[in-house]
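Please read these numbers as outputs of a predicted model, since none were measured by experiment. Proteins get letters first, then strands, A, B, ... in listed order; numbering begins at 1 in each. Just so it is clear, the values below take in all heavy atoms, side chains as well, and ignore hydrogens, waters and symmetry mates.
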Protein chains: 2
Amino acid sequence: MEAIISNISVDCVIFGFDNNTLQVLLTKRELKDRETGELLIADYTLQGHHILVGENIDDAAKRVLKDKTGLENIYLEQFQTFGDINRLRRPKDQLWLKTMYPMVSDHVVSVCYYSLVDSTKVNPDLQHPYSSWFPVDQLPELGFDHEEMISMALEYLRNKLWREPVGFELLPDKFTLSQLQSLYEAILNTEIDRRNFWKKVSQMKFVIPLDEKHKAGSRKKAQAFIFSKDVYERTRKDKLTLSY
Amino acid sequence: MEAIISNISVDCVIFGFDNNTLQVLLTKRELKDRETGELLIADYTLQGHHILVGENIDDAAKRVLKDKTGLENIYLEQFQTFGDINRLRRPKDQLWLKTMYPMVSDHVVSVCYYSLVDSTKVNPDLQHPYSSWFPVDQLPELGFDHEEMISMALEYLRNKLWREPVGFELLPDKFTLSQLQSLYEAILNTEIDRRNFWKKVSQMKFVIPLDEKHKAGSRKKAQAFIFSKDVYERTRKDKLTLSY
DNA sequence: ATTATAATGCGTATTTATTACACAATGCAA
DNA sequence: TTGCATTGTGTAATAAATACGCATTATAAT
């Protein structure tokens with residue numbers, strides 16, 4: 001086992017999209033009393049780990065992602081570093097750390113990333129044990145400062161999506177307009193008129209209609225689209241308009 | 001002297017606005033050969049320091065800012081953490097570290113902030129020695145990975161300004177429309193029609209005209225305005241429009 | 001003084017984008 | 001075979017962004 005750097009960690013907020021809902025992948029954390037078997041801690045945490053000696057922080061994030069989802073080359077964005085002295089000071093977190101990781105530093109600074117995955121490609125059951133998806137608006141009890149991390153990750157993702165078409169990372173390669181629309185509605189927390197959304201998307205040269213039809217749980221078959229990152233990069237404008 | 005945490009630091013990109021140009025505050029770094037007096041290193045760096053034992057990272061950034069500009073309560077935004085293993089590995093940086101800070105860790109992770117200051121309130125000569133302002137598009141030779149930090153800070157600032165009226169932090173309390181316009185042009189790297197800018201700004205309820213007139217280096221006196229953060233917070237909309 | 005000039009104040013058309021809503025077609029379920 | 005949720009494609013009304021016109025002001029140069 002490689003040596004870890006005890007006062008620096010990375011945490012990953014892994015977003016997926018399923019059931020027309022934005023979801024976060026969480027890992028169960030349980031601590032039982034050695035003697036009585038009583039459950040002392042039962043909650044969830046993000047995926048995270050310390051960085052290793054000689055490891056770039058971005059590589060540490062990719063490693064965590066690979067370990068917990070089996071996926072590589074996925075969308076990953078560093079959004080904030082949490083370095084408050086009290087961030088691990090809640091009693092249950094102290095109990096957990098003292099029991100499980102007595103060698104870890106008292107002041108751990110955590111560099112946080114969020115990632116966007118096609119949840120059909122991750123099967124939590126087959127991957128890391130105790131991992132499962134939770135809708136972002138129905139989170140279970142969370143350890144450490146991970147609730148704050150998730151809500152900040154969501155804020156960054158929302159801001160990002162207003163400015164850049166990152167949502168496609170959450171969908172299968174081929175998707176329908178209604179899937180795309182509900183994804184936008186879920187992340188941006190807004191209702192969009194279907195017909196205006198259609199008009200807006202048809203202006204986006206990088207969303208390319210296919211000849212195929214898909215039925216995404218609906219009655220009528222809908223046209224399938226793909227996203228071309230390449231076309232987007234080539235046609236993106238950098239002159240915008242002030243949003244206020 | 002308080003103990004430092006040797007593998008975590010903060011760096012601050014301090015932006016000011018002067019001469020219709022966005023400026024960065026830099027500190028001179030010089031190393032002379034003990035015997036020959038030859039200049040081994042002569043370049044500039046950002047303001048930075050290690051975090052102290054028991055110190056929040058945000059507080060470390062505020063401390064650095066206070067130390068180097070004398071200012072408190074100024075706009076400060078964490079934008080990225082740099083943690084590549086090779087970020088301090090250039091020969092001149094190694095020479096500097098080995099000579100000046102032999103105890104510092106080999107892998108230092110730096111949490112970066114940018115801040116926006118009213119440059120009329122900072123007088124580099126009276127503050128930290130060897131500090132001076134440089135236009136962002138005419139930077140001198142820089143140490144460590146600080147050039148990358150500045151260009152990333154500028155990118156974050158630009159994105160921020162498209163979405164939120166943070167530019168006022170760089171101006172005196174009272175300013176004219178032409179000052180504001182050239183600030184927007186400098187940061188957004190775009191030309192704006194003066195009359196359309198006037199129209200746009202007059203829609204912003206949080207930019208409040210005063211009865212006073214100012215002459216900002218121009219022939220004709222121009223009307224002065226103030227920015228009300230309070231009015232902005234109360235009138236901001238969170239439904240935006242996709243920028244693509 | 002007078003004049004040229006650069007900056008300012010305040011417009012009006014034109015084009016483009018956003019919003020609101022209409023209606024026919026499809027294909028599964030009852 | 002019919003009902004109906006979903007999909008495909010509009011059009012009209014409104015709002016915003018862009019391009020540009022022109023008189024006014026105060027200073028610097030003559």
Side-chain angles (χ1 to χ4, degrees), chain A residues 19-20 161-165 171 174-186 188-226 235-244, chain B residues 19-21 161-163 165 171 174-186 188-226 235-244:
Chain A
N19 277 119
N20 288 347
L161 187 62
W162 282 119
R163 298 184 39 80
E164 288 177 55
L171 295 175
K174 298 174 184 177
F175 50 86
T176 66
L177 277 192
S178 60
Q179 284 180 295
L180 188 63
Q181 180 180 341
S182 54
L183 184 149
Y184 272 80
E185 290 179 328
L188 302 179
N189 196 31
T190 183
E191 286 196 357
I192 308 174
D193 180 272
R194 190 176 57 81
R195 295 150 293 185
N196 293 335
F197 187 73
W198 181 83
K199 195 187 307 174
K200 183 82 193 172
V201 173
S202 45
Q203 288 166 195
M204 302 176 188
K205 302 223 174 75
F206 49 83
V207 181
I208 301 162
L210 300 176
D211 287 337
E212 305 172 45
K213 298 271 176 175
H214 278 240
K215 58 170 196 300
S218 65
R219 305 251 165 120
K220 187 174 169 180
K221 280 182 189 160
Q223 186 167 27
F225 291 80
I226 55 166
T235 60
R236 73 151 67 247
K237 52 180 188 235
D238 49 20
K239 182 155 200 238
L240 305 172
T241 178
L242 295 179
S243 337
Y244 49 92
Chain B
N19 278 118
N20 288 347
T21 313
L161 187 61
W162 282 119
R163 296 183 41 80
L171 294 175
K174 297 173 183 177
F175 51 87
T176 67
L177 277 193
S178 60
Q179 285 179 296
L180 189 62
Q181 182 180 341
S182 54
L183 184 148
Y184 272 79
E185 290 179 328
L188 302 178
N189 196 32
T190 183
E191 286 196 357
I192 308 173
D193 181 90
R194 191 175 55 80
R195 295 150 294 186
N196 293 335
F197 187 72
W198 182 85
K199 195 186 305 174
K200 183 80 191 174
V201 173
S202 44
Q203 287 165 196
M204 301 176 187
K205 303 223 174 73
F206 49 82
V207 181
I208 302 163
L210 301 177
D211 287 336
E212 304 171 47
K213 299 269 175 174
H214 277 241
K215 57 170 198 299
S218 65
R219 304 255 165 118
K220 186 174 170 179
K221 281 180 189 160
Q223 187 167 25
F225 291 81
I226 55 167
T235 61
R236 83 171 32 261
K237 53 180 186 232
D238 51 18
K239 180 151 201 241
L240 305 172
T241 176
L242 296 179
S243 337
Y244 48 93

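- In terms of position along DNA chain C, the nucleotide closest to B/Leu177 lies nearer the 5' end than the nucleotide closest to the other residue of the pair B/Lys239 and B/Leu177.
- A donor-acceptor contact shorter than 3.5 Å links the side chain of A/Tyr244 to the backbone of B/Leu161.
- Each end of the helix from C/dA1-D/dT30 to C/dA30-D/dT1 gets its own axis from five base pairs, and the two axes differ in direction by 10°, given to 10 degrees.
- For B/Ser178, no side-chain nitrogen or oxygen approaches OP1 or OP2 of C/dA7 to under 4.0 Å.
- To the nearest angstrom, P of C/dC21 lies 13 Å from CD of A/Glu191.
- The interatomic distance linking B/Asp193 (CG) with D/dT18 (C1') rounds to 8 Å, in whole Å.
- Minimum atom distance to the side chain of B/Lys220 is reached by C/dG9, of the listed D/dA19, D/dG8, C/dG9.
- Judged by distance alone, with hydrogens and angles left aside, the side-chain atoms of B/Thr21 form a donor-acceptor pair with the main-chain N or O of B/Asn19 at under 3.5 Å.
- In terms of position along DNA chain D, the nucleotide closest to A/Phe225 lies nearer the 5' end than the nucleotide closest to the other residue of the pair A/Leu240 and A/Phe225.
- For B/Lys221 and D/dT25, the shortest distance from a side-chain N or O to OP1 or OP2 is not below 4.0 Å.
- Contact between A/Asn20 and A/Ala186 at its shortest, heavy atoms only, is O-CB, 4.2 Å.
- Heavy atoms of A/Lys200 sit under 4.0 angstrom from primed sugar atoms or phosphate atoms, though from no base atom.
- Side chain of B/Asn196, nearest nucleotide from D/dA19, D/dT11, C/dC21: D/dA19.
- Following rounding to the nearest Å, A/Leu180 (CG) and D/dT7 (P) show an atom-to-atom distance of 13 Å.
- We find that NZ of B/Lys199 is positioned 11 Å from C1' of C/dT14, with the value rounded to whole Å.
- Contact of A/Arg195 with C/dA22 (side chain to base): a donor-acceptor pair of N or O atoms is detected under 3.5 Å.
- D/dG8 atom P lies 12 Å from atom CG of A/Leu210, rounded to whole Å.
- For D/dT7, the base has no donor-acceptor partner in the side chain of A/Lys213 [N/O atoms by modelled type, under 3.5 angstrom].
- Heavy atoms from other residues, nucleotides or ligands lying under 6.0 Å from CD of A/Glu191 number 12 at most.
- Distance, B/Phe197 CZ to C/dC10 P: 16 Å, rounded to whole Å.
- Heavy-atom nearest nucleotides on DNA chain C were determined for A/Gln203 and for B/Arg194, and the one closer to the 5' end corresponds to B/Arg194.
- Between the side chain of B/Gln223 and the main chain of B/Leu210, a donor-acceptor pair closer than 3.5 Å is present.
- By the 30° and 60° cut-offs, the orientation of the rings of B/Phe175 relative to B/Phe225 is parallel.
- When every heavy atom of A/Thr176 is checked against every heavy atom of A/Gln179, the shortest pair comes out as N-OE1, 2.9 Å.
- Listed for the B/Ser243 side chain is no donor-acceptor partner under 3.5 Å among the backbone atoms of A/Glu164.
- Computed from coordinates, the A/Gln223 CD to D/dT7 C1' distance equals 10 Å when rounded to whole Å.
- Between A/Trp198 atom CH2 and C/dT19 atom P the separation is 17 Å, expressed in whole Å.
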